[in-house]
Amino acid sequence: MLQTTYIRENKELILERFKKRNFEGEEIIKQILKLDDDRKATQQKLDNQLAEGNSLAKQIGMLFKEGKQEEANAIKEKTKTLKESGNLLKEEQNKIAKELMNLLYQVPNVPNEIVPEGNSDEDNEVIGEQGKIPTLGDQAVPHWELAKKYNLIDFELGVKITGAGFPVYKGKGARLQRALISFFLDQAVEDGYEEVIPPLMVNEASGYGTGQLPDKEGQMYHMQVDDLYMIPTAEVPITNMYRDVILQESDFPLKNVGYTPCFRREAGSYGSDVRGLNRLHQFDKVEIVQIQHPNKSYETLDTMVAHVKGLLEKLELPYRVLKLCGGDLGFTSALTFDMEVYSAAQDKWLEVSSVSNFESFQANRLKCRYKDEDGKTQLVHTLNGSALALPRILAALLENNQTNEGIKIPKVLIPYTGFELIN
RNA sequence: GGAGAUAUGGCAGAGUGGUCGAAUGCGGUAGUCUUGAAAACUAUUGUACCGCAAGGUACCGGGGGUUCGAAUCCCUCUAUCUCCGCCA
């Protein structure tokens, strides 16, 4: 959520930048500023009335103490009308605040200057490519067939137990999954991140805090009885650890890493995109989160991208880095880099990581602030990234490393898996 | 799940209807003293909104109510603690 003062002071810039997203903001911003003016005006009126009421109440107290009942009662009459009009103002104030909040929730983050314009993922800018794309033989098959052949993942069993998109990992498949999680966590800890195991369900306030609510309500599993949401990413519980917190400058940067299963309803997905491991309702992910000083957040974004690239290189996976265009940029993000690995048997790039700087967009909702040199409270910048999402990594590993003898495990993972080959 | 108790500023802890945004202590910050430090002393020390400012308003777990006036009374929700029950 953007701050109204920020909108007021940077209206032209914001509107210009929104063009990158194809977001038509002129009208809504006009309304926001108008409502904000209304809010100020009614509050001013209300404050004045309350001040008058307070002072009258004090007078009444004094008069009662002095035994001047009649005078006191006379003033009481006066407060009656004051109270009535005060209530009306309060109602109006609440209404305006609600409308204002509603509008603010609909305004996306301001894209960074370097975000390319564009409408869809086709307009994303490839800014780097690493690793050799393997040439597989004719007998090469996609990962869902490999998973079946080597009894690594049972999709049908998951369907029986729960439904589509909830696979059962078995044997070496399960072990490889666990190996990847441990490897990713260890790498992050080595890079200075503190490991956390957060709750897998969050309350409504947390959903609003990181911006999943109200924008993506339908994408989360919602437990109605207890009014809790299954997390779609560890970003939600981890970032919300810093909700309603005031930090010191010396606390920066706060670095956390957490492994969690992630739950997504993925309503509206279909076709080859959802085949095999490509898109699931439940999947594992290791997430890195940083809370940083506004001056340093972009520097930090680069280090996070570098961290993810390092992981992919260690796994010997061919990958490319994309700078997301405005049209593909998430609602809450100011700048996002996606990492995609090449899935040789499917012959396509699969997104495995998304690293974003949210600047103060989340911090404003979260009320995560710090005290600057002058002792003023300022909003922090929040960042996060997948490091990494497991299923597509697994898919690429299986496909790219398949040989006649079996599937080869990358060197760095062998200490974690305890085996070198799946056969 | 049942019964009871509690929720106050960074922390501890007073405050049961009026001058309480809230005593006191600790902690923090600045200063005095000191060669320096400690101690002592003095001052200062929550958040948000409106206002150029003076100042005003709101907030004593959350929400609602009673009242001219609520930290204080009532309702409700949440969390914590104690006991009982159940349980990995």
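Chain letters run A, B, ... following the sequence lines, proteins first, then strands; residues in each count from 1. In what follows, every heavy atom counts, from backbone to side chain, and hydrogens, waters and symmetry copies are set aside.
- Using atom P as the reference point in both B/U66 and B/U72, the two lie 15 Å apart (nearest Å).
- A distance of 13.5 Å separates CE in A/Met304 from CD in A/Glu299, rounded to the nearest 0.5 Å.
- Note on A/Lys371: only backbone sugar-phosphate atoms sit closer than 4.0 angstrom, heavy atoms only; bases stay farther off.
- B/G69: no Watson-Crick or G-U partner with both key distances under 3.5 Å is found in any strand.
- Here A/Ile60 lies in heavy-atom contact (under 4.0 Å) with a base.
- Contact check for A/Thr260 versus A/Pro198: side-chain heavy atoms found under the 4.5 Å cut-off.
- When distances run from any side-chain atom of A/Phe64 to the nucleotides B/A58, B/C68, B/U47, the shortest one goes to B/C68.
- The phosphate of B/A48 (OP1 or OP2) has a side-chain N or O of A/Arg369 nearer than 4.0 angstrom.
- Between the side chain of A/His143 and the backbone N or O of A/Leu277 there is at least one donor-acceptor pair closer than 3.5 Å.
- Protein atom CG of A/Asp244 is 12 Å distant from nucleotide atom C1' of B/A48, rounded to whole Å.
- B/C73 and B/U16 are spaced 9 Å apart, taking the P atom of each and rounding to whole Å.
- Considering every non-hydrogen atom in both A/Thr336 and A/Ser356, the closest pair reads OG1-OG, 2.8 Å.
- If you check B/A7 for Watson-Crick or wobble pairing at under 3.5 angstrom, you find it paired to B/U78.
- When both distances must be under 3.5 Å, the Watson-Crick or G-U wobble mate of B/U44 is B/G28.
- The side chain to side chain contact (heavy atoms under 4.5 Å, CB included) test with A/Ser297 is passed by exactly one of A/Ile291, A/Asn357, A/Thr382, A/Val380: A/Asn357.
- Rounded to whole Å, the separation between the C1' atoms of B/G46 and B/G10 comes to 9 Å.
- Note on A/Asn73: nothing from the nucleic acid sits closer than 4.0 angstrom, heavy atoms only.
- Closest-nucleotide positions on RNA chain B for A/Lys80 and A/Gln44 were compared, and the one nearer the 5' end corresponds to A/Gln44.
- Here the C1' atom of nucleotide B/A48 and the CD atom of A/Gln3 are 12 Å apart, to the nearest Å.
- Rounded to whole Å, the distance from NZ on A/Lys83 to P on B/U66 is 6 Å.
- One interatomic measurement links the two molecules: NZ of A/Lys90 to P of B/A58, which rounds to 8 Å at whole-angstrom precision.
- Picking from B/U57, B/U47, B/U67 the nucleotide with the shortest atom distance to the side chain of A/Ile246 gives B/U47.
- When the nucleotides B/C50, B/A58, B/C68 are ranked by their closest atom to the side chain of A/Asn54, B/A58 comes out on top.
- For the P atom pair drawn from B/A58 and B/G25, the interatomic distance equals 29 Å after rounding to whole Å.
- Annotation: B/C11 and B/C60 have their P atoms spaced 16 Å apart (nearest Å).
- With a cut-off of 3.5 Å on both pairing distances, B/A54 has no Watson-Crick or G-U wobble partner at all.
- Comment: A/Asp37 does not engage A/Lys34 in a salt bridge, judged by the lack of any side-chain N to carboxylate O separation of less than 4.0 angstrom.
- For the P atom pair drawn from B/U76 and B/A5, the interatomic distance equals 14 Å after rounding to whole Å.
- In the set B/U57, B/C68, B/A48, the nucleotide with an atom closest to the side chain of A/Thr377 is B/A48.
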Using a 3.5 Å cut-off and no angle test, enumerate the donor-acceptor pairs between side-chain atoms of residues 199-210 of chain A and protein atoms at least two apart in sequence or in another chain.
residue	atom	partner	partner atom	Å
A/Asn203	OD1	A/Ala205	N	3.4
A/Asn203	OD1	A/Ser206	N	3.0
A/Asn203	OD1	A/Ser206	OG	3.1
A/Ser206	OG	A/Arg243	NH2	2.8
A/Thr210	OG1	A/Ser206	O	3.2
A/Thr210	OG1	A/Gln212	OE1	2.7

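- For the contact set between residues 202-213 of chain A and RNA chain B, defined by any heavy atom under 4.0 Å, there are no members.
- Taking the six-membered ring for Trp and the full ring otherwise, the centers of A/Tyr370 and A/Phe252 sit less than 6.0 Å from each other.
- Atom CG in A/Asp251 sits about 16 Å away from atom P in B/G10, given to the nearest Å.
- What you find for A/Asp123 and A/Cys325 is that their closest heavy atoms are O-CB, 3.6 Å.
- Atom CE of A/Met101 sits in a sparse spot, with 12 or fewer heavy atoms from other residues, nucleotides or ligands closer than 6.0 Å.
- B/C60 makes up no base pair with any nucleotide shown, lacking Watson-Crick or G-U wobble contacts both under 3.5 Å.
- In terms of position along RNA chain B, the nucleotide closest to A/Arg39 lies nearer the 5' end than the nucleotide closest to the other residue of the pair A/Leu50 and A/Arg39.
- The CD-P distance, from A/Glu84 to B/C68, rounds to 12 Å in whole Å.
- Listed nucleotides B/C50, B/C68, B/U57 differ in distance to A/Ala51; the shortest reach to its side chain belongs to B/U57.
- Nucleotide B/C33 forms a pair with no other nucleotide shown, judged by Watson-Crick or G-U wobble geometry with both contacts under 3.5 Å.
- Between A/Lys98 atom NZ and B/G63 atom P the separation is 14 Å, expressed in whole Å.
- If you measure from atom CG of A/Asn87 to atom P of B/C68, you get 12 Å, rounded to the nearest angstrom.
- Of all nucleotides present, none satisfies the Watson-Crick or G-U wobble test against B/G21 with each distance under 3.5 Å.
- Pairing for B/A38 is absent, judged as Watson-Crick or G-U wobble with the two contacts each under 3.5 Å.
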